[in-house]
Amino acid sequence: MAQKIQAIRGMNDVLPAESHQWEYFETVLRGWLHDYGYQNIRTPIVESTPLFVRSIGEVTDIVEKEMYSFTDGLNNEPLTLRPEGTAGTLRAVVEHNLLYNTTQKLWYMGPMFRHERPQKGRYRQFHQIGVEALGMNGPDIDAEIVAMTAELWRRLGLAGSVRLEINTLGNKDERAAHREALIKYLEGHLDILDEDGKRRLYSNPLRVLDTKNPALQEMANGAPRLIDYLGEESRRHYEGWKSLIAALGIEYVENPRLVRGLDYYNQSVFEWVTTELGSQGTVCAGGRYDGLIEQLGGKPAPGIGFGMGMERVLLLLAEKGLLPQRRTVDAFIVNQGEGAAAYAMQLAQQLRQAGMSVVQHMGDASFKSQMKKADGSGAAVALIIGENEVSAGQVVVKPLRAEQAQETVAAANVVATVSRFKAE
């Protein structure tokens, strides 16, 4: 026997026993995005490597050690499996001139790839739902972005399980002034910096403050704060954003060390976090990236967006018992005997055209075996067809979830009968 080939570690199959839970989540997401006026965009999974290096930043964990990159043997072109969705979306916006005299509200959903150690809620192939609101520069769209995520938690039943953290990163000049002060401060603590902190000291010092090393927490807490370097315009934007969030009744925590892991962010940044998933506490994160479109070759235009890890939200929903247990059908057709298969197919099509889900047994099996499958399907009723029912133009309807006796009905009445049990 040939050796079995297994899936790559950290790239998981979604099997039928749980795929209906993904479908439920995706259905909620699509309705929610429609309600806020977002349109779907679908971009390639593979993009040019320089796209991510230029947008995400060379001195980031993603670019330095997490990207799946390779050289296309045909064109000798460096390519990368997308590690996040914003860069590819904005590449498409610039390439197709989607911001010409207009604004855009876009959403995407699909697999992303990062080469990191797999753990619960954090995989090498993971799935994100993300939105990008482009061409709008006021704090009002920043507030709507937060409001729409808060509304999603309400619809999913997770409002009490997540907490909003916010911060501001100011503009380029303000970050430069803060960076200079921060480097000077960190140089005074070289003796306690870990290897990761020393490596980032001059290339990306803001990320040093985002350390998870407990030994560095006191040092990080005493570092110069970016908010103290903000000018009037940045302060006004931040205060306006906070005011609008508060007016919507959304509670938040200001976290001055929230910097995000990608270089393109400025001004408003936020995360929704939970304490119910262990160390993988961030379920949704995003912020403003007003210089990124120009950086990718487009005309200067503001933007804000977020990405949400779908596996993490599904884990949280499962933890709270908020996912449907299984997908059921309305009717299971049990059939045996001369002419029963064709008769059953006709009835199945009739029911499906009336908007019902139907499974018909295929192949040879005893009535007992078929009834066992019918009960296991979760169907509301079993429709039993033998040679007698075929000749009489009838169907035996046996309720599987209700304490009622089976009944024999004319084939012409089967839709109405099944509908009655479906409604119950």
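Throughout, residue positions are numbered sequentially from 1 according to the sequence presented. Keep in mind that this is a model prediction, so the values were computed, not measured. We use all heavy atoms of the structure for the numbers below, so side chains are in, but hydrogens, waters and symmetry mates are not.
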Hey, is [X] close enough to [Y] for a salt bridge, meaning N to O under 4.0 Å?
X: Arg91; Y: Glu95; result: yes
X: Glu239; Y: Lys242; result: yes
X: Arg236; Y: Glu233; result: no
X: Arg199; Y: Asp194; result: no
X: Asp290; Y: Lys172; result: no
X: Glu144; Y: Lys105; result: yes
X: Glu84; Y: Arg82; result: no

Discussion item. Given 3.5 Å as the limit, does a donor-acceptor pair link the side chain of His361 with the main chain of Ser369, or not?
Written reply: no

Item to complete: Please work out which of the three classes, parallel, tilted or perpendicular, describes the rings of Tyr36 and Trp32, given edges at 30° and 60°.
Response: perpendicular

Of all the heavy-atom pairs spanning [X] and [Y], show the shortest one and how long it is.
X: Tyr123; Y: Glu116; result: O-OE2, 4.3 Å
X: Glu251; Y: Leu164; result: O-CB, 3.7 Å
X: Trp272; Y: Trp153; result: CD2-NE1, 3.1 Å
X: Gly393; Y: Tyr343; result: C-OH, 3.0 Å
X: Leu29; Y: Met109; result: CD1-CE, 4.0 Å
X: Asn335; Y: Gln370; result: N-OE1, 2.9 Å

Item to complete: Could you point out which residue of Arg114, Met11, Glu311 forms a side chain to side chain contact (heavy atoms under 4.5 Å, CB included) with Gln125?
Response: Met11

Can you tell me how far apart [atom1] ([X]) and [atom2] ([Y]) are? Round to the nearest 0.5 Å.
X: Gln21; Y: Leu323; atom1: CD; atom2: CG; value: 4.5 Å
X: Leu156; Y: Phe25; atom1: CG; atom2: CZ; value: 6.0 Å
X: Arg312; Y: Thr274; atom1: CZ; atom2: OG1; value: 11.0 Å

Discussion item. One pair to check against salt bridge (charged side-chain N to carboxylate O under 4.0 Å, His left out): Glu407 and Arg420. What are the steps and the verdict?
Written reply: CA-CA 13 Å; Glu407 56 184 297; Arg420 175 162 50 88; 3.0 Å; yes

Worksheet, complete the sentence: Per side chain to side chain donor-acceptor pair (under 3.5 Å), His237 is matched among Asp142, Asn171, Asn137 by Asp142

Worksheet item: Going by heavy atoms in the side chains, are Val418 and Leu351 under 4.5 Å from each other?
Response: yes

Discussion item. Quick check on Leu15: does its CG atom have over 12 non-hydrogen neighbours (other residues, nucleotides or ligands) under 6.0 Å away?
Written reply: yes

